[in-house]
Amino acid sequence: MHSDRPSDVIGAQVRRHRTRLGLNREQLAERCAALGAPELSYAALVDIENGRKTKEGKRRRHVTVDELTVLGLALAVPPLLLALPLGTEGTVPTAPAADPRDPYTVWKWWTGEETPTLAGPLDGRHYPDPHPITEGGPKWSAAWAEAAYPASLYPEFERRREATHRAHLRAEAEKSKGGSTAAQTEYLHRLEELARHINDMGRAGVPIPALRADLIEDMKGLDTLDAPNTINPRGNQ
């Protein structure tokens with residue numbers, strides 16, 4: 001079973017997490033006001049949670065993106081989980097004209113991890129829209145992949161930065177004991193991998209997060225960075 005609109009899902013999750021924290025609506029409204037959203041009043045929360053309808057049968061109160069962020073912070077829950085409750089809903093709505101899908105599938109659409117499969121079903125399976133957006137233009141799926149590319153770069157940067165940091169610590173520890181070529185070789189390998197990824201980020205035109213100053217200097221020493229002066233150093237913690 002699924003709700004008709006995302007605001008229905010969010011309303012149910014707001015009530016669920018408010019109850020989880022032992023808050024009444026007045027208290028939640030106060031927390032929202034403290035976060036700069038006084039429009040999320042007691043009356044608004046009643047409408048959001050209960051999905052009250054107008055005389056025309058439409059939802060009286062939808063949740064905006066700004067309000068979703070505030071509600072998540074006020075309820076100590078990632079805002080995305082309010083809209084896509086993993087583990088508590090079998091399906092969630094997508095677009096009004098498309099079929100509902102399981103929350104984790106839609107989660108990966110929102111985070112750019114997967115291309116939405118709104119077309120179909122065909123033989124029981126959904127698939128990406130195969131048509132071009134405009135005559136002679138890119139296919140919808142190709143345009144999505146291009147736009148979502150930066151979303152894949154940052155998690156990979158974090159993984160490579162952490163792997164390089166760990167390799168650096170091992171190399172330094174072994175060096176203090178008299179040296180280990182294996183640990184140093186691994187560190188250099190991780191540095192090269194990180195540098196290649198930083199170059200990919202630069203070519204994609206996305207800002208590169210701050211990096212430890214000693215790692216930047218070591219990559220400069222390897223001459224592996226396309227634009228070494230574009231990386232901001234941070235402390236060596």
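Numbering of residues begins at 1 and proceeds along the displayed sequence.
Side-chain contact between T111 and L80: present, with at least one pair of heavy atoms (C-beta onward) separated by less than 4.5 Å. Residues E49 and R18 are in side-chain contact: their nearest non-hydrogen atoms beyond the backbone lie under 4.5 Å apart. Counting heavy atoms from C-beta outward, V92 and P6 have side chains that stay 4.5 Å or more apart. Contact check for L222 versus E192: side-chain heavy atoms found under the 4.5 Å cut-off. At a threshold of 4.5 Å between non-hydrogen side-chain atoms, the residues I198 and L211 count as touching. P85 places none of its side-chain heavy atoms less than 4.5 Å from the side chain of R16. Here the side chains of L45 and E26 are not in contact, with every heavy-atom distance at 4.5 Å or above. V77 is listed as a side-chain neighbour of R20, based on a closest heavy-atom distance under 4.5 Å.
A distance of 11.5 Å separates CD1 in I10 from CG in L81, rounded to the nearest 0.5 Å. Between L23 atom CG and L28 atom CG the span is 6.0 Å, to the nearest 0.5 Å. Put simply, CG on L225 and OG1 on T230 are 8.0 Å apart, with the number rounded to the nearest 0.5 Å. H168 NE2 to R190 CZ: the interatomic distance, rounded to the nearest 0.5 Å, is 14.5 Å. One distance of note links OG of S7 with CZ of R60; it measures 14.5 Å at 0.5 Å rounding. The distance from atom OH of Y42 to atom CD of Q27, rounded to the nearest 0.5 Å, is 12.0 Å.
Of all heavy-atom pairs spanning H197 and L153, the tightest one is NE2-O, 2.8 Å. Listed here is the closest heavy atom pair of S141 and P128: CB-CB, 4.0 Å. Between I216 and P233 the shortest heavy-atom distance is CD1-CA, 3.7 Å. When every heavy atom of V9 is checked against every heavy atom of A83, the shortest pair comes out as CG1-O, 3.5 Å. The shortest non-hydrogen separation linking A195 to T224 is CB-OG1, 3.2 Å. Between V14 and L82, the shortest heavy-atom distance links the atoms N-CD2, 4.3 Å.
For E156, the CD atom sits in a packed shell: over 12 heavy atoms of surrounding residues, nucleotides or ligands are nearer than 6.0 Å. More than 12 heavy-atom neighbours from other residues, nucleotides or ligands sit within 6.0 angstrom of NZ on K220. Shown here is R203, whose CZ atom has more than 12 heavy atoms of other residues, nucleotides or ligands within 6.0 Å.
Listed by first and then second residue, the ring-ring contact (aromatic ring centres under 6.0 Å, His included) pairs involving residues 139-164 are W140-W144 (not counting sequence neighbours).
In this structure, R31 contributes its side chain and A74 its backbone to a donor-acceptor pair below 3.5 Å. No donor-acceptor distance shorter than 3.5 angstrom exists from the side chain of T94 to the backbone of P100, with no hydrogens or angles considered. Of the possible donor and acceptor atoms, one in the side chain of N199 sits under 3.5 Å from a partner among the backbone N and O of D226.
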Side-chain donor-acceptor pairs of residues 129-138 under 3.5 Å, sequence neighbours excluded:
| residue | atom | partner | partner atom | Å |
| --- | --- | --- | --- | --- |
| D129 | OD1 | H131 | N | 2.9 |
| D129 | OD1 | H131 | ND1 | 2.9 |

Name each donor-acceptor pair under 3.5 Å that joins a side chain in residues 64-71 to protein atoms two or more places apart or in another chain, with its distance.
| residue | atom | partner | partner atom | Å |
| --- | --- | --- | --- | --- |
| T64 | OG1 | E67 | N | 3.1 |
| E67 | OE1 | R61 | NH1 | 2.9 |
| E67 | OE1 | T64 | N | 3.2 |
| E67 | OE2 | R61 | NH1 | 3.4 |
| E67 | OE2 | R61 | NH2 | 2.8 |
| T69 | OG1 | V65 | O | 3.4 |

In residues 115-122, what donor-acceptor pairs under 3.5 Å come from side-chain atoms, sequence neighbours left out?
| residue | atom | partner | partner atom | Å |
| --- | --- | --- | --- | --- |
| T117 | OG1 | R101 | NH1 | 3.2 |
| T117 | OG1 | R101 | NH2 | 3.3 |

Step-by-step side chain to side chain contact (heavy atoms under 4.5 Å, CB included) determination, L84 to Y104: CA-CA 7 Å; L84 304 173; Y104 186 54; over 6 Å; no
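Between the side chains of E193 and H189, at least one donor-acceptor pair of N or O atoms lies under 3.5 Å. Between the side chains of H62 and R59, no donor-acceptor pair of N or O atoms lies under 3.5 Å.
Partners of E113 by salt bridge (Lys or Arg N to Asp or Glu O under 4.0 Å), not counting sequence neighbours: none found. For E114, the salt bridge (Lys or Arg N to Asp or Glu O under 4.0 Å) partners are K108, not counting sequence neighbours.
The pair R166-E162 meets the salt-bridge criterion, with a side-chain N (NZ, NE, NH1 or NH2) lying under 4.0 Å from an Asp/Glu carboxylate O. Contact check on R5 versus D8 returns no salt bridge, with no Lys/Arg side-chain nitrogen under 4.0 Å from an Asp/Glu carboxylate oxygen.
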